[in-house]
Amino acid sequence: MTLRTKLPAEQVLMVLLSIALCLALGAAAWAAPAAAPSDETMRFGEQMYRKGLLPSGAPIKAYVSGDVPVDGTSFTCVSCHLRSGLGSIEGEVITLPTNGRILYQPRRPFIPGSEFVPSYSNYAKYLPERPAYTDDSLAALILTGIDPTGRSVLKVMPRYDLGDKDMAIMISYLKSLSDQPPPGVTKEEIRFATVIVEGTDPVAVQSMLAPLQFSIDRKNSLATAAVKNHRVARMGYNMLGDLSALKFSLSRWTLKGAPATWLSQLEEYYRKEPVFALLGGISEGEWEPVHRFCEEKKIPNLFPVVDYPVLSDTDWYTLYFSRGVRQEGEAAARYLHGMAELFKGRPVLQLYRAGRKGQALAAGFRESWKTAGGGAITEVRLPANEKLTAKKVRQLVNRKNPAALVLWDDAASLPALSGLAAQKKRPGLVLASGTYLGKALWTIPEELRALLYLTYPYRLPQEDSRFDVNVKRVLQGRPLELYEQRIVRQSYLTGEVLGKALMMMRGEYYRDYLYDVIGMMSDMHYPLYERVSFGPGQRYASKGSYIVQLGSGRNPVLERRSEWVIP
């Protein structure tokens, strides 16, 4: 691995030279097993590479600056070389591939495979030649920091104290990284699929499918043109690698019946037609079985359209738009916590409707409020079929005297807030979910608008309209009004991120590398979301919400009452 740091421009070239030697080059004295590595070897190798832990569970001993001891868990291989082993770029520091397929080729004068590292090819001509790695030379580099040509890389790479057996495991694992094409990828085709839960609103399904299919068709058009036109072929190679015989396809996997049966359905689809990745996907309720299937099969699932993503700090293979409706509750807690002067010893009253959406919002608020060190919070759960009345709201407010009322319910609750603004004893503000209210948020009574604040996890509609030209393009002339505009925008984002990722991959179509290159993308401006940001291991692209109010007048707009609140 390398130490990634910002350096002055005049030092960049030397850093690049050292980093190249650090990862893509070799050193002296150990041999990995000749036979195919066992599952246990791969499991231990993965543990060493990703966590910095020996097979025994003890931290690997590492040294920086030559002889300064450090814990290997703080300087893991994966932090620079990433899961795929195909390297990374951060600022002006580039880490070259460390997988066996590239390491075990000579660099004369251009490292085979180095063109697949984003932005690396601009510097490759400055790097010195090196021989192909051997097991011995690679082990010597890891142990001593000296490459086969005698150069030291200790300024940019730790050296690791590994015994014979552990070194053999590590080298075997490096050889396995990004070595064989994954299922769904051949020289002729890359297959994708999208998952549709039966019973989902047909308009929502078409809103998800149309932009995805446009993205696939556009890539196939480029491939077809590349066969006929040398100039287009060169452009296509610069974008996606060798396109001369490459076809992209998108299958539709429909899940029927109870979620408990979905796993077997997914396995059958996958058995008949292995795919490289799942694109999008849509469900109005459950998604956990699909998420779990992707973890088990190591299949990327890029941006499913779901309100209830699986929240995990360790799972890797599903990348979500956000943390779902729960994220609004988290942002609301963060916003209120910054208004300490409002409380003066008074509690927060949280009313939430029984059911998945209300409970998810309430849980997000509750846990974020607690984490932030918030004060007293009183909660009332509203039964699913019980109407919330103005009388009940008034009684609760009089009894609890809350500084703020947080209400997680749908538009049917709005009449219950009538008259609240005129009460002498009332909360300083009422917070509700803009997405839970849905289109009814545009009908909030005028007298309530000054009191009612809303979570809104998207760019404001009046500011998002500038993207309409691009969004309409993927519908190929069909009116945007015929679709669910939020979902069209989400699916448009999926196609754009996929396209950029494929360009960065430049023919290295490995599943972990797909997410590695997405993790290296800079923040981007897309429709719908105010900020889409990525980073190594990040599984939620949009991480915040606005707090807004509905403006006055007959044609009101949403007005920001906060900056982008990140829980």
Side-chain angles (χ1 to χ4, degrees), residues 82-91 94-97 99 102 110-124 178 181-182 184-192 211-227 229-250 275-280 300-303 319 470 473-474 491-527 532-536 538 541:
L82 306 185
R83 301 235 324 192
S84 64
L86 288 171
S88 65
I89 178 171
E90 182 176 352
I94 296 170
T95 301
L96 298 182
N99 61 320
I102 293 176
F110 193 75
I111 301 175
S114 61
E115 67 271 26
F116 302 125
V117 180
S119 299
Y120 166 68
S121 58
N122 293 333
Y123 303 97
S178 301
V185 176
T186 68
K187 292 181 179 180
E188 295 77 29
E189 184 181 18
I190 301 180
R191 293 191 296 270
F192 297 95
L212 290 183
Q213 192 61 56
F214 174 85
S215 180
I216 294 296
D217 292 344
R218 182 173 57 176
K219 292 171 180 58
N220 284 329
S221 296
L222 181 60
T224 300
V227 175
N229 186 302
H230 179 66
R231 181 173 175 274
V232 175
R234 281 187 299 144
M235 180 180 69
Y237 179 79
N238 289 335
M239 293 176 65
L240 297 170
D242 184 7
L243 284 175
S244 59
L246 192 60
K247 176 185 177 184
F248 296 85
S249 64
L250 179 66
V275 296
F276 173 63
L278 300 180
L279 302 181
N301 182 192
L302 189 62
F303 295 136
L319 179 58
N470 289 337
R473 179 169 53 89
V474 305
S491 199
Y492 171 88
L493 188 157
T494 302
E496 291 297 298
V497 171
L498 175 66
K500 185 173 182 179
L502 291 175
M503 284 190 284
M504 294 174 70
M505 294 168 79
R506 289 285 305 279
E508 291 278 21
Y509 297 124
Y510 293 92
R511 288 169 169 174
D512 282 343
Y513 194 42
L514 172 66
Y515 280 163
D516 282 347
V517 299
I518 290 175
M520 288 185 276
M521 290 180 183
S522 57
D523 290 4
M524 289 175 278
H525 299 287
Y526 285 117
V532 176
S533 59
F534 306 99
Q538 294 185 18

Do [X] and [Y] come close enough that some side-chain heavy atom pair is under 4.5 Å?
X	Y	answer
V185	Y510	no
P182	Y509	no
F192	L212	no
L302	L514	no

What do the steps show when you test N99 against L86 for side-chain contact (heavy atoms from CB on, under 4.5 Å), and what is the final call?
-> CA-CA 6 Å; N99 61 320; L86 288 171; 3.7 Å; yes
From [atom1] ([X]) to [atom2] ([Y]), nearest 0.5 Å:
X	Y	atom1	atom2	answer
E508	L502	CD	CG	13.0 Å
I190	L250	CD1	CG	13.0 Å
L279	F248	CG	CZ	10.5 Å

K219 bridged to E189 by N-O distance under 4.0 Å | no
Who passes side chain to side chain donor-acceptor pair (under 3.5 Å) against [X], sequence neighbours left out?
X	value
S178	none
T494	none
R83	Y317
D217	Q213

Nearest heavy atoms of [X] and [Y], plus distance in Å:
X	Y	answer
M520	G87	CE-O, 3.9 Å
Y513	M504	OH-O, 4.0 Å
L82	S88	CD1-CB, 3.6 Å

Under 3.5 Å, side chain of N301 to main-chain N/O of G280, donor-acceptor pair present?
-> yes
For V497, which residues count as a side-chain contact (heavy atoms from CB on, under 4.5 Å) partner, sequence neighbours excluded?
-> F303, L493, I518, M521, Y526, F534
Hey, could you give me each pair passing side-chain hydrogen bond (donor to acceptor under 3.5 Å, both in side chains) that has a residue in residues 515-524? Not counting sequence neighbours.
-> S84-D516
